[in-house]
Enquirer: 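Mind having a look at this structure? Questions to follow.
On a predicted model such as this, the values are computed, not experimentally measured, just so you know.
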Amino acid sequence: MTETASTPPAWLDRFRAEAPRLPVPPALVPPDGVGRAAAVLLLFGEGPDGPDILLTERAVTLNKHAGQPAFPGGRIDPGDDGPVGAALREAWEETGVEPAGVDVLCTLPELYLPHSEHRVTPVAGWWREPSEIAPGHPGEVATVARVPIGELADPANRLTVRHPSGLRMGPAFRAGSMLIWGFTAGLLTQVLAAGGWERPWDAGHVEDLPEEVLDLAARG
């Protein structure tokens, strides 16, 4: 059977099967009755450089999460149709992605972010009909980018970052001018593994987070 424009491509088959049952790291298991509900969109597309995923970079003027890479997303509002509705709405507001052009593939297990006290449900989608994208809220979103999965999986673009105190460490990616770290990098690591796209890389390559990143993160 031939794939049509409305059929998710075969390269997403393994991800679709594995993603709904991804293990939740112990530190991100949501505690009972705690946290505000939120959702993010993991939007996969077929771009000029092959399979890609949509990422944003938050504005440096924000009081919280300033300058940080992120998936489109935010809190689930009462008028949303749960996590799916919230993820699609936020992607439209932040990046211009037309919800009608996205086919929802699955939802991933809920994750808890202790720092912001949010319970986040990742929603995966196939960008069946790509739309023009641009920062929808210039005061909130600085950059919108379709990042090739091959670029993220390239061992040369992967590293481990640490706080200069040495107390916190985690995976990170370099993609163009972006340093992707924190929650977004942790989730991307799971995405690559679930899709079978991960390549062996040197987790022992450790770098301190740049001073400008730490200064922005210190705001909250």
Side-chain angles (χ1 to χ4, degrees), residues 8 12-45 51-58 62 64-65 68-128 133 136-137 140-141 144-147 149 152 170-171 173 180-195 197-198 220:
L12 279 169
D13 287 350
R14 174 171 167 174
F15 176 81
R16 294 174 72 186
E18 297 292 332
R21 54 174 185 262
L22 279 175
V24 177
L28 300 183
V29 173
D32 292 338
V34 175
R36 293 160 289 194
V40 295
L41 183 65
L42 313 182
L43 184 58
F44 296 96
D52 57 28
I53 191 166
L54 187 69
L55 292 174
T56 69
E57 192 170 55
R58 300 189 182 279
L62 293 172
K64 291 188 176 181
H65 311 298
Q68 292 185 14
F71 297 104
R75 291 187 193 176
I76 300 175
D77 289 344
D80 292 325
D81 182 19
V84 170
L88 292 173
R89 173 183 56 77
E90 288 282 352
W92 159 247
E93 293 175 358
E94 292 182 0
T95 70
V97 168
E98 293 279 359
V102 177
D103 290 339
V104 174
L105 301 173
C106 60
T107 58
L108 282 64
E110 189 179 54
L111 305 168
Y112 182 63
L113 277 65
H115 182 67
S116 61
E117 297 184 336
H118 280 102
R119 308 170 68 98
V120 180
T121 299
V123 176
W126 161 241
W127 209 354
R128 172 176 38 82
I133 53 172
H137 296 302
E140 295 182 16
V141 179
V144 179
R146 298 182 64 162
V147 180
I149 289 174
L152 295 169
F173 300 80
I180 304 165
W181 61 285
F183 171 77
T184 304
L187 186 49
L188 272 177
T189 299
Q190 287 193 301
V191 164
L192 292 181
W197 307 310
E198 189 170 37

Enquirer: With heavy-atom distances below 4.5 Å as the criterion, would you say the side chains of Phe183 and Leu111 are in contact?
Expert: yes
Enquirer: Which distance, rounded to the nearest 0.5 Å, do you find between the CG of Asp77 and the CZ of Arg89?
Expert: 4.0 Å
Enquirer: What are the two closest heavy atoms between Thr184 and Ala70, and how far apart are they?
Expert: OG1-CA, 3.4 Å
Enquirer: Give me the atom names and distance for the closest heavy-atom approach of Pro114 to Ala27.
Expert: CG-O, 4.2 Å
Enquirer: Got Glu110 and Val24 here, is their nearest side-chain heavy-atom distance under 4.5 Å?
Expert: no
Enquirer: Return the minimal non-hydrogen interatomic distance between Phe71 and Leu41, and the atom names on each side.
Expert: CB-O, 3.7 Å
Enquirer: Please check if the side chain of Thr56 supplies one atom and the backbone of Pro72 the other of a donor-acceptor pair under 3.5 Å.
Expert: no
Enquirer: Would a 4.5 Å heavy-atom cut-off, applied to side chains only, mark Leu188 and Ile53 as touching?
Expert: yes
Enquirer: To the nearest 0.5 angstrom, please state how far the CD1 atom of Ile76 sits from the NE2 atom of His118.
Expert: 9.5 Å
Enquirer: Can you find a heavy atom in the side chain of Leu55 that is under 4.5 Å from one in the side chain of Pro69?
Expert: no
Enquirer: Taking all heavy atoms of Ala39 and all of Pro83, pick out the closest pair and write down the distance.
Expert: CB-O, 3.4 Å
Enquirer: Counting only heavy atoms from other residues, nucleotides and ligands, does the tally under 6.0 Å from CH2 of Trp92 exceed 12?
Expert: no
Enquirer: Taking side chain as C-beta onward, heavy atoms only, is Leu43 less than 4.5 Å from Thr95?
Expert: no
Enquirer: Distance check, rounded to the nearest 0.5 Å: Arg58 atom CZ versus Glu94 atom CD?
Expert: 5.5 Å
Enquirer: If I take atom CG from residue Leu105 and atom CG from residue Asp103, how far apart are they, to the nearest 0.5 angstrom?
Expert: 7.5 Å
Enquirer: Can you name the nearest heavy-atom pair linking Arg14 to Ala194, along with the distance?
Expert: CG-O, 3.2 Å
Enquirer: For Val123 and Thr107, which heavy atoms make the closest approach, and how far apart are they?
Expert: CG2-CG2, 4.0 Å
Enquirer: Counting only N and O atoms by type, is there a donor-acceptor contact under 3.5 Å from the side chain of Arg128 to the main-chain atoms of Pro8?
Expert: no
Enquirer: Answer whether the closest heavy-atom distance between the side chains of Gln190 and Pro25 falls below 4.5 Å.
Expert: yes
Enquirer: Check whether any side-chain heavy atom of Leu108 sits under 4.5 Å from a side-chain heavy atom of Leu42, and report yes or no.
Expert: yes
Enquirer: Can you spot which of Trp126, Trp127, Trp197 makes a ring pair (Phe, Tyr, Trp, His ring centres under 6.0 Å) with Phe44?
Expert: Trp197
